[in-house]
Every structure is written in C-alpha cells, then in structure tokens.
2 protein chains.
Amino acid sequence: MQRMTRQRSAVTELLADVEDFRSAQQLHELLRGQGNGIGLATVYRTLQSLADGGEVDVLRTGDGEALYRRCERREHHHHLVCRRCGATVEIDGPTVETWAAQVGAAHGFTEIEHTIELTGTCARCAAEGP
Amino acid sequence: MQRMTRQRSAVTELLADVEDFRSAQQLHELLRGQGNGIGLATVYRTLQSLADGGEVDVLRTGDGEALYRRCERREHHHHLVCRRCGATVEIDGPTVETWAAQVGAAHGFTEIEHTIELTGTCARCAAEGP
DNA sequence: CCAGCGTTTGACAACGGTTATCACGACTCC
DNA sequence: GGAGTCGTGATAACCGTTGTCAAACGCTGG
C-alpha cells in the first residue's frame, strides 16, 4: 500500500514546478537547497515508483544518465528537447506511430515498441550564441 | 595517427562476423575465448574510436549499457532490434526524417537530431514461445 | 488519543559499466 | 640502433544507481 510521506510529496511538488528534464541528483540538490532534507536513495526510489506508475517520463541521456520530467499528458508521446537548456516540447506523431508499426510488421516483428526523441537548439538558446 | 595493431584488427574482424548488437564486455569475452588476449580497456578504446569514425553504431540499452554493431550502410539509418535475441534489421525512413525536421522547425528549434529505435520480438523468437 | 505494526527513510556500502592512470612494450623515422 | 611516439593492459578511480538495515514514521483499529 502506498503511503504519503513528507518526502514523497516534496518530490512530486518539485516536479510540478520544474518544466524541464532533470536528473535524480539535480532534483536531490534542489530539494536540499530549499531546506527539504531528503536522502538521495529516497529520491531515486520515489522517481522510480512514479515512473512505474506512468506519472513521470524518463529519458536516457547520451551517457546513460536518467532524466525525469512530469509531463502534461499521460498518454503516449515523444519529446523535443533543447540540447542547451533542456526546454522540452511534448510531441505526438500519429505519422510515426503507424510508420513504426508498419516497419516492424513488414519484417515479421511483433510487439513493436519505439523510442523517438528529438534534440535541437531552441530559439532562445540559438539567439544567445555560443 | 591511427596505427593498425593486432588488437585493433581482432576487434574489427570480430565485429565483421557478429551480426547483432553486443556490449563491450561481451566482445571482450568473445575475444578472450577465441584465444585473442586483449585488455578490456583496449576493447573500450577501440570501440570508441570506431564509433567516432562512424565505423560502428552505438545503441544504449534501457539501463544505460552501450551496445556496438558494425552496420552494412555507413549512411544515417535506424534499427529494428529483437528484444530477445538481438537480431537487427537496418531501417531507413525518409518519412520520419522529414517528419522530425518539420516538427523541430515548427517549434523554432534548429540543428535537429533524432533518435529512433524500434524494438520488437522477431518471428523466430516469437515461434519459440516463452 | 494511543499502541502496534508494517512501510519508508537515509546513511552508507556495494555494484556495474565505463574511463583515467601510468609503466611498459612496440613501432617508426632518422 | 637510438630517440621519440603511440598503443597496451592491469589496476584504480569514477559515477550513477541500487541494496542494506536499523531507526523513524504514518496509518489503523481499539
């Protein structure tokens, strides 16, 4: 049975405020910074259980680090992420969904899943220059 | 300057034989097993340099492990991978390329890159049952 | 309100994949 | 053949993440 603790609500509230994908360690630091004492292990556990429940989305960075974000929509969708500032736009692409299913079926594969993530530089970051 | 050593050619030859995505550690074991003494660090280094040169493709598994594979085509493409046996089909999708570029541009993002990977169960594995 | 009990927490250790270190060996060019 | 360069490999360090376990906590029924 799931219990509501101070730590758990601190994490969910923080996620509600933060727009972009953040690592577990960043979230831990933020919580510490705002006076909410919390253990790192607890942050990981909480994020994991939220992810399992589909409450947050998980993204793997190029070097294997996991990033978390609370998304607007709970249904299946993808992301367009700024490589500079992490700003994120939620995307849904009926086009690619059907494309993925067709390609899989064409090669005799079943139970197709797909990972689609777009990365770019957002307008604001592009304006700032290097 | 790149030098051709016994270890380097052992890795590239092994990659030429192996069809599916393998982890650095698996490749290391294979090399050891076939009598080719080689250090783990060297395997990592070699794979990294091959990946930098676009000679092999790198795939990140769900838990952050890196998998390597020597692909037929050097141009940009994607993969359909069997989640059971690792069998891989190379895919190119003009559809998704243009879709990705359009979606990015529509949100003011520039220098769009995309990650698209399909996972499924191949016909052979599906036939075997659980 | 309180006691009891199962859950959650958190400091810390352990883990697993990857990368850095550095002494040694191999190769190259003169 | 000697000097300088580059590659190797055992080992240690790294870093994100997960396991451990006693203590603290939240809930529930009395």
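In what follows, every heavy atom counts, from backbone to side chain, and hydrogens, waters and symmetry copies are set aside. Labels below follow one simple rule: chain letters A, B, ... track the order of the sequence lines, proteins then strands, and each chain is numbered from 1.
- Near DNA chain D, defined here as any heavy-atom distance below 4.0 Å, the residues from residues 18-26 of chain A are A:Gln25, listed numerically.
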Table please: side-chain donor-acceptor pairs of residues 12-22 of chain B below 3.5 Å, with sequence neighbours left out.
{"from": "B:Thr12", "atom 1": "OG1", "to": "B:Arg8", "atom 2": "O", "distance (Å)": "3.3"}
{"from": "B:Thr12", "atom 1": "OG1", "to": "B:Ser9", "atom 2": "O", "distance (Å)": "3.0"}

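- Overall bending of the helix from C:dC1-D:dG30 to C:dC30-D:dG1, expressed as the angle between end axes built from five pairs apiece, is 30° (10° steps).
- No chain of hydrophobic side-chain contacts below 4.5 Å, direct or via other Ile, Leu, Val, Met, Phe, Trp or Tyr residues, connects A:Ile91 to A:Leu67.
- Side-chain atoms of B:His78 and B:Glu97, non-hydrogen and from C-beta on, do get closer than 4.5 Å to each other.
- Look at CZ on A:Arg8: it is 15 Å from C1' on D:dC25, rounded to the nearest Å.
- Summarising the geometry, the separation between CD on A:Glu65 and P on D:dC15 is reported as 11 Å, rounded to the nearest angstrom.
- Straight-line distance from the CZ atom of A:Arg60 to the C1' atom of C:dG17: 12 Å, rounded to whole Å.
- Within residues 39-56 of chain B, the residues approached by DNA chain D to less than 4.0 Å at the level of any non-hydrogen atom are B:Gly39, B:Ala41, B:Thr42, B:Arg45, in residue-number order.
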> Could you go step by step and tell me if A:Asn36 and A:Gln7 meet the side chain to side chain contact (heavy atoms under 4.5 Å, CB included) rule?
Replying inline: CA-CA 8 Å; A:Asn36 269 311; A:Gln7 293 86 340; over 6 Å; no
>> Does the protein touch nucleotides 23-30 of chain C at the base, only the backbone, or not at all? Give it as B, S and - per nucleotide, heavy atoms under 4.0 Å.
In response: --------
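- Between B:Gln7 and the phosphate of D:dG7, there is no side-chain N or O to OP1/OP2 separation shorter than 4.0 Å.
- Counting only heavy atoms from C-beta outward, the side chains of B:Ser49 and B:Glu55 never approach each other to under 4.5 Å.
- Cluster membership for A:Val89 and B:Val96, using ILVMFWY side-chain heavy atoms within less than 4.5 angstrom, is shared.
- Following rounding to the nearest Å, B:His28 (NE2) and C:dT19 (C1') show an atom-to-atom distance of 15 Å.
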>> Checking A:Thr42 against A:Arg45 for the side chain to side chain contact (heavy atoms under 4.5 Å, CB included) test, could you report, in this order, the C-alpha distance in whole Å, the side-chain angles of both residues, the deciding distance, and whether it holds?
In response: CA-CA 5 Å; A:Thr42 305; A:Arg45 264 188 306 245; 3.3 Å; yes
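- Between the side chains of B:Thr119 and A:Glu113, no donor-acceptor pair of N or O atoms lies under 3.5 Å.
- The closest side-chain donor-acceptor pair between A:Gln102 and A:His107, if any, does not fall under 3.5 angstrom.
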>> Using side chain to side chain contact (heavy atoms under 4.5 Å, CB included), reason through A:Ile116 and B:Glu117 one step at a time and then give a plain yes or no.
In response: CA-CA 7 Å; A:Ile116 301 180; B:Glu117 299 295 343; over 6 Å; no
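- The separation between B:Arg6 atom CZ and D:dT8 atom P is 9 Å, rounded to whole Å.
- Residue B:Ile38 contributes atom CD1, which lies 10 Å from atom C1' of D:dG9 at whole-angstrom precision.
- By the 4.5 Å heavy-atom criterion applied to side chains, A:Arg60 and A:Glu65 are not counted as neighbours.
- Less than 6.0 angstrom separates the ring centroid of B:His114 from the ring centroid of B:His76.
- Within the structure, ring-ring contact (aromatic ring centres under 6.0 Å, His included) pairs that include any residue of residues 31-65 of chain B do not occur (at least two apart or interchain).
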